[in-house]
Colleague: 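I'd like to ask some things about the structure below.
All residue numbers in this chain count up from 1 along the given sequence.
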Amino acid sequence: MQRKATALDVAKRAGVSRSAVSLVLNGRGDGNVAKESQDRIRQAAADLNYSPNPIALSLRNQRTRVIGIVSDEVVVSPFDGNIIGGADDVARAHGFVTVVMDTERDASRDESAVETLLDRQVDGLMYVTVGLKPLDVPQGMLRVPSVLANCFDNSPEPQLRHVIPDEVSGGREATEHLLQLGHRDIAFLAGAATSPAVPLRVVGHREAMAKAAIPVREDRVFMAGWDINDGFHGAMGLLSATDRPTAIVCANDRLAIGVALAAARLGLAVPRDLSIMGYDDESRIAATMVPALTTMALPLREMGAAAMSMLLEQIEDPERVQRPTSGGGTGHLETMVPCRLVVRESTGPVPAL
């Protein structure tokens with residue numbers, strides 16, 4: 001049986017010291033090992049199929065190299081599980097593993113889930129939610145490096161960093177896409193008033209209309225809900241009028257399906273007679289809808305990756321990354337990730353008069 005390569009083997013192949021190999025492969029090479037040497041070490045490790053012994057690392061660093069993730073229902077969500085996927089990619093690339101506990105939207109289970117993970121000696125914690133929302137942060141998360149993804153600290157003096165989508169720019173870009181196609185009468189079917197994301201997307205819509213010097217008709221912007229049925233009934237009211245809009249922005253893809261069904265009921269072709277814009281780029285919905293839905297893709301994997309990178313930075317160098325102090329507002333705690341426009345077949349030029 002072939003002998004497993006050691007750090008000394010990597011050092012000899014790369015022409016460096018054993019300590020240099022340890023620094024580089026443990027993520028502490030920058031500032032300690034020359035860039036060219038780092039490249040040689042990584043190449044040598046790859047050539048020899050070498051990976052550090054996780055048990056030995058744990059004993060030396062007094063770490064378990066395990067990250068605990070608590071979610072409200074992300075594990076069973078049809079698409080927000082991508083946040084955890086993005087986080088796990090980054091964790092594994094740095095030699096960490098993740099353990100996930102789902103509370104199934106039962107806030108009373110938050111503290112016990114966190115304590116259970118802390119009992120397993122996790123090095124850090126992440127809380128992930130389905131949909132942007134405020135969070136009553138479990139107190140146990142303040143005892144170890146922690147970060148929030150798709151949610152934000154709801155306390156009067158927030159302490160934890162959070163990573164969220166840039167909903168204002170998302171709403172703005174969605175409307176700008178329709179304006180560029182020549183549309184001027186654009187309706188906005190928002191979601192439910194209880195969602196923090198809704199007013200932000202509406203702000204973006206209003207900003208785009210204002211930039212184009214087009215007044216916003218208030219009867220064209222209203223809360224509709226989140227489901228297909230909500231989109232259908234909201235669109236029926238808009239499209240049955242003699243002065244119907246030529247385009248509708250929807251706060252999620254399910255609403256957009258309802259709008260498409262209403263258009264079909266009224267004999268309107270999409271996008272010839274009506275352009276429909278979604279939001280989320282939900283798997284198995286947006287791309288398979290007929291016609292395929294133009295939408296704003298939520299940066300789920302990117303958010304998970306950014307949050308995990310932030311968390312690992314706190315774990316690996318706690319002296320350099322201090323916990324934010326209270327009283328400074330939330331700007332220093334917040335990282336926003338831009339949404340991405342996905343153009344498909346449901347949007348087109350404004351109908352000819």
Colleague: Do Leu179 and Ile186 come close enough that some side-chain heavy atom pair is under 4.5 Å?
Modeller: yes

Colleague: Would you tell me whether Asp119 and Thr116 have side-chain atoms, one donor and one acceptor, within less than 3.5 Å of each other?
Modeller: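 No, because no side-chain N or O of Asp119 sits under 3.5 Å from a partner of the opposite role on Thr116.
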
Colleague: Only counting residues at least two apart or in another chain, list the ones meeting side chain to side chain donor-acceptor pair (under 3.5 Å) with Asp273.
Modeller: none

Colleague: Under 3.5 Å, is there a donor-acceptor pair between the Asp47 and Gln43 side chains?
Modeller: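 Their side chains do contain a donor-acceptor pair, which is all the 3.5 Å distance test asks for.
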
Colleague: Tell me every residue that passes salt bridge (charged side-chain N to carboxylate O under 4.0 Å, His left out) with Arg244, counting only those two or more places apart in sequence or in another chain.
Modeller: none

Colleague: Short question: side chain of Ser37, backbone of Lys35 - any donor-acceptor pair under 3.5 Å?
Modeller: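 Not at all, since once roles are kept as given, no pair shorter than 3.5 Å links the two residues.
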
Colleague: Charged N to carboxylate O below 4.0 Å: is that the case for Glu345 and Arg272?
Modeller: no

Colleague: Please report the closest heavy-atom contact between Ala7 and Arg18, naming both atoms and the distance.
Modeller: CB-NE, 3.1 Å

Colleague: With side chains defined as the heavy atoms from C-beta onward, is the minimum distance between Leu25 and Ile41 less than 4.5 Å?
Modeller: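 Yes, their side chains come closer than 4.5 Å.
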
Colleague: Does Arg13 reach the main-chain N or O of Ala44 with its side chain, forming a donor-acceptor pair under 3.5 Å?
Modeller: no

Colleague: Given side chains that start at C-beta, do those of Ser346 and Pro271 come closer than 4.5 Å, heavy atoms only?
Modeller: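 Result no, sub-4.5 Å side-chain heavy-atom pair not found.
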
Colleague: Given 3.5 Å as the limit, does a donor-acceptor pair link the side chain of Glu111 with the main chain of Gln139, or not?
Modeller: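 Flag set: sc Glu111 to bb Gln139 pair under 3.5 Å.
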
Colleague: Between Thr295 and Asp281, is there a side-chain donor-acceptor contact under 3.5 Å, judged purely by atom types and distance?
Modeller: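 The answer is no; no qualifying pair exists.
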
Colleague: Quick check: does any side chain N or O of Ser155 sit under 3.5 Å from a backbone N or O of Val137, one acting as donor and the other as acceptor?
Modeller: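 Checked: no pair found.
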
Colleague: Using a distance-only test with no angle check, is there a side-chain donor-acceptor pair under 3.5 angstrom linking Thr347 and Thr294?
Modeller: yes

Colleague: Does the pair Glu316 and Arg65 meet the rule for a salt bridge (charged side-chain N to carboxylate O under 4.0 Å, His left out), with working shown?
Modeller: CA-CA 10 Å; Glu316 296 286 5; Arg65 302 194 76 80; 3.7 Å; yes

Colleague: Is there a donor-acceptor pair closer than 3.5 Å between any side-chain N or O of Asn82 and the backbone N or O of Leu300?
Modeller: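 Checked: no pair found.
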
Colleague: Please lay out, stage by stage, how Glu115 and Arg120 fare under the test salt bridge (charged side-chain N to carboxylate O under 4.0 Å, His left out).
Modeller: CA-CA 9 Å; Glu115 291 300 327; Arg120 269 63 179 179; over 6 Å; no

Colleague: Does any N or O in the side chain of Asn150 come within less than 3.5 Å of the main-chain N or O of Thr129, such that one atom is a donor and the other an acceptor?
Modeller: yes

Colleague: Quick check: does any side chain N or O of Ser169 sit under 3.5 Å from a backbone N or O of Asp166, one acting as donor and the other as acceptor?
Modeller: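 It does hold such a pair.
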
Colleague: Is any side-chain heavy atom of Phe152 closer than 4.5 Å to one of Leu135?
Modeller: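 Result no, sub-4.5 Å side-chain heavy-atom pair not found.
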
Colleague: Ignoring hydrogens and angles, state whether a donor on the side chain of Tyr127 or Asp72 is under 3.5 Å from an acceptor on the partner side chain.
Modeller: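 No, because no side-chain N or O of Tyr127 sits under 3.5 Å from a partner of the opposite role on Asp72.
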
Colleague: Is Arg201 close enough and on-axis enough to Tyr279, meaning under 6.0 Å and within 45°, for cation-pi?
Modeller: yes

Colleague: For the pair Arg217 and Asp243, evaluate salt bridge (charged side-chain N to carboxylate O under 4.0 Å, His left out) and give the outcome as yes or no after the intermediate values.
Modeller: CA-CA 12 Å; Arg217 285 180 51 174; Asp243 61 339; 3.1 Å; yes

Colleague: Hey, does the side chain of Asp230 reach the backbone of Asp227 with a donor-acceptor pair shorter than 3.5 angstrom?
Modeller: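 It does hold such a pair.
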
Colleague: Closest approach of Gly225 and Leu255, non-hydrogen atoms and distance?
Modeller: O-CD1, 3.2 Å

Colleague: Run the salt bridge (charged side-chain N to carboxylate O under 4.0 Å, His left out) test on Arg301 and Asp89 for me, step by step, so that the C-alpha distance in whole Å, both residues' side-chain angles and the decisive distance to 0.1 Å come before the verdict.
Modeller: CA-CA 9 Å; Arg301 294 193 77 88; Asp89 286 345; 2.6 Å; yes

